[in-house]
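These numbers were taken from a predicted model, which means no experiment stands behind them.
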Amino acid sequence: MVANNLPAPEQVVSMYKAKNISYVRLFHPDTDALNALRGSGVGVVLGTLNEDLPRLASDPSFAASWVATNVQPFAGAVQFRYINAGNEVIPGDAAARVLPAMQNLESALRSAGVTGVPVTTAVATSVLGASYPPSQGAFSEAAASVMAPIVSYLSSKGAPLLVNVYPYFAYSSSGGQVALGYALLSADAGAASSVTDAGVVYTNMFDAIVDATHAAVEKAGVQGLELVVSETGWPSAGGEGATVENAAAYNNNVVRHVGGGTPRRPGKAVETYLFAMFNENGKAEGVEQHFGLFQPDMSEVYHVDFTAGSP
């Protein structure tokens with residue numbers, strides 16, 4: 001929503017329903033968007049602002065007021081799937097605030113009588129120190145001390161970890177080392193671009209990143225934690241490999257693919273969020289302005305068939 005020319009939230013919710021898009025992720029509370037989502041049946045992942053993490057972590061009354069303002073008035077009418085405390089702050093200065101913020105939000109939800117809404121956080125793959133081959137996935141030294149108690153907490157609550165997965169950036173920064181087909185999940189990528197890991201064959205980078213994260217969670221002492229891919233996407237302009245053709249291929253391939261799970265979790269559908277609904281003119285120049293599936297006038301940048309991803 002980092003743009004000054006986006007359609008009204010009511011129009012966007014109508015688009016979701018018309019396009020068979022069943023879930024939306026909001027990076028921060030937005031009253032107009034939440035009001036538009038009332039009664040829509042669209043599931044909502046609601047994030048906190050990263051700058052709110054210190055207060056959410058240190059002040060239970062602030063967490064209570066956050067829930068009272070942003071969740072409680074909509075509970076029941078809006079189908080909240082998860083609340084995520086912070087986005088991509090681990091490792092970093094705010095990393096130590098994430099778990100106490102999650103705990104305070106969880107307590108605030110419970111006190112407000114809001115049930116069935118897990119609290120989690122969203123991480124980038126920068127939490128991984130090792131990711132190749134996938135079975136060797138491990139949290140980095142900088143992230144491990146924060147991630148281990150977080151994944152343990154999530155496991156105890158039956159909540160998933162949200163992970164932002166971007167083969168595009170691995171491809172675009174690889175200097176030709178990553179094959180385009182492997183990054184795009186193209187079935188015709190061929191054996192030359194596949195990775196064999198302990199007898200398991202990876203034909204695309206999306207699965208490899210998700211399974212490397214599974215391996216890291218297991219090395220941190222937690223078994224069976226669900227991972228939700230809270231962002232993935234491919235830009236249609238503005239950088240290396242950023243074309244409408246590649247973006248259409250990637251996002252359609254993701255929609256078709258994720259229902260089948262990954263080699264480490266075959267048959268276990270991966271709940272996945274495509275970034276992003278619209279091109280955003282308020283983002284930095286370059287690829288960041290071109291991740292949208294739609295233009296702000298609601299026309300398609302390219303077609304994505306969401307019905308192909310129905311369970």
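- In this structure, V270 and G261 approach most closely via the heavy-atom pair CG2-CA, 4.3 Å.
- Following chains of ILVMFWY side-chain contacts shorter than 4.5 Å, one cannot reach V45 starting from V123, and the two form parts of different hydrophobic clusters.
- Between L6 and M277 the shortest side-chain heavy-atom distance does not fall below 4.5 Å.
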CA sep, side-chain torsions, deciding dist, call: N35, F74, side chain to side chain contact (heavy atoms under 4.5 Å, CB included): CA-CA 8 Å; N35 275 323; F74 307 98; 3.3 Å; yes
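- Using a 4.5 Å cut-off on side-chain heavy atoms (C-beta onward), T125 and Y166 make no contact.
- Proximity of a side-chain donor or acceptor of T48 to a complementary backbone N or O of G86 within less than 3.5 Å is detected.
- The main-chain N or O of K283 is found under 3.5 Å from a side-chain atom of Q289 such that the two form a donor-acceptor pair.
- Side-chain atoms of E106 and L109, non-hydrogen and from C-beta on, never get closer than 4.5 Å to each other.
- Side-chain atoms of N84 and T120 include no donor-acceptor pair closer than 3.5 Å.
- Y273 has its side chain out of reach of V24: every pair of non-hydrogen atoms, C-beta onward, lies at least 4.5 Å apart.
- Between atom CG of residue N87 and atom OG1 of residue T121 there is a gap of 7.5 Å, rounded to the nearest 0.5 Å.
- Atom CG of N252 and atom NE2 of H257 lie 14.0 Å apart (nearest 0.5 Å).
- Partners of T115 according to the side-chain hydrogen bond (donor to acceptor under 3.5 Å, both in side chains) rule, which considers only residues two or more places apart in sequence or in another chain, do not exist here.
- Closest approach of T243 and N246 over heavy atoms only: OG1-N, 2.9 Å.
- Atom OG of S155 is separated from atom CD of Q223 by 9.0 Å, given to the nearest 0.5 angstrom.
- Figure legend: R25 and Y23 shown without cation-pi pairing, the cationic atom not lying both under 6.0 angstrom from the six-membered ring centre and within 45 degrees of its axis.
- With hydrogens and angles ignored, the 3.5 Å screen pairs no side-chain donor or acceptor of S152 with any backbone N or O of A148.
- No donor-acceptor pair closer than 3.5 Å links the side chain of Q177 to the backbone N or O of S174.
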Taking it one step at a time, do S173 and E240 satisfy side chain to side chain contact (heavy atoms under 4.5 Å, CB included)? CA-CA 8 Å; S173 63; E240 174 73 26; over 6 Å; no
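- Contact between W66 and P29 at its shortest, heavy atoms only, is CZ2-CG, 3.5 Å.
- Residues V127 and V163 fall within the same hydrophobic cluster, defined by Ile, Leu, Val, Met, Phe, Trp and Tyr side chains chained together at heavy-atom separations under 4.5 Å.
- For S14 (side chain) and E10 (main-chain N/O), a donor-acceptor pair under 3.5 Å exists by modelled atom type.
- In this structure, E280 contributes its side chain and M1 its backbone to a donor-acceptor pair below 3.5 Å.
- In the hydrophobic clustering of this structure, I83 groups with L99; members are Ile, Leu, Val, Met, Phe, Trp, Tyr whose side-chain heavy atoms approach within less than 4.5 Å, directly or through other members.
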Could you please spell out the steps behind the side chain to side chain contact (heavy atoms under 4.5 Å, CB included) verdict for Y202 and Y182? CA-CA 9 Å; Y202 285 85; Y182 185 70; 4.0 Å; yes
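- Between E226 and R265 there is no salt bridge, since no side-chain N of the basic residue sits under 4.0 Å from a carboxylate O of the acidic one.
- Residue F275 holds its CZ atom at 10.5 Å from CG of L293, rounded to the nearest 0.5 Å.
- Linking ILVMFWY side-chain heavy atoms closer than 4.5 Å, directly or via other members, places I209 and V201 in two distinct hydrophobic clusters.
- Inter-residue side-chain proximity for N253 and F206 is flagged as unmet; no heavy-atom pair is nearer than 4.5 Å.
- If you take CZ on R55 and CG on N104, they are separated by 12.5 Å, rounding to the nearest 0.5 Å.
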Using the rule given for side chain to side chain contact (heavy atoms under 4.5 Å, CB included), can you reason through V255 versus D305, listing the C-alpha separation, both sets of side-chain angles and the distance that settles it, and then say yes or no? CA-CA 8 Å; V255 170; D305 179 9; over 6 Å; no
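- Counting all heavy atoms, side chain and backbone alike, Y302 lies closest to S236 at CE2-CB, 4.3 Å.
- Expressed to the nearest 0.5 Å, how far NZ of K157 lies from CD of Q103 amounts to 8.5 Å.
- Linking Ile, Leu, Val, Met, Phe, Trp and Tyr whenever their side-chain heavy atoms come within less than 4.5 Å leaves V210 and L162 in two separate clusters.
- Between V2 and F27, every side-chain heavy-atom pair lies at or beyond the 4.5 Å cut-off.
- Closest non-hydrogen pair, P296 versus N279, comes out as CG-O, 3.8 Å.
- Looking at every heavy atom in both residues, P160 comes nearest to Y82 through CG-CE2, 3.5 Å.
- With contacts defined as side-chain heavy-atom distances shorter than 4.5 Å, the pair L105/V71 does not qualify.
- For the pair K219 (side chain) and F139 (backbone), a donor-acceptor distance under 3.5 Å is absent.
- Side-chain atoms of N4 never come within 3.5 Å of backbone atoms of G282 as a donor-acceptor pair (strictly under, hydrogens ignored).
- For D93, the CG atom sits in a loose shell: 12 or fewer heavy atoms of surrounding residues, nucleotides or ligands are nearer than 6.0 Å.
- Put simply, the side chain of W234 never gets that close to the backbone of A249: no donor and acceptor are under 3.5 Å apart.
- Residues T232 and Y250 have side chains in contact (heavy-atom distance under 4.5 Å, counting atoms from C-beta outward).
- Using modelled atom types and a 3.5 Å distance limit, the side chains of T307 and N20 yield no donor-acceptor pair.
- Within the 3.5 Å criterion, the main-chain N or O of R264 finds a donor-acceptor partner in the side chain of D211.
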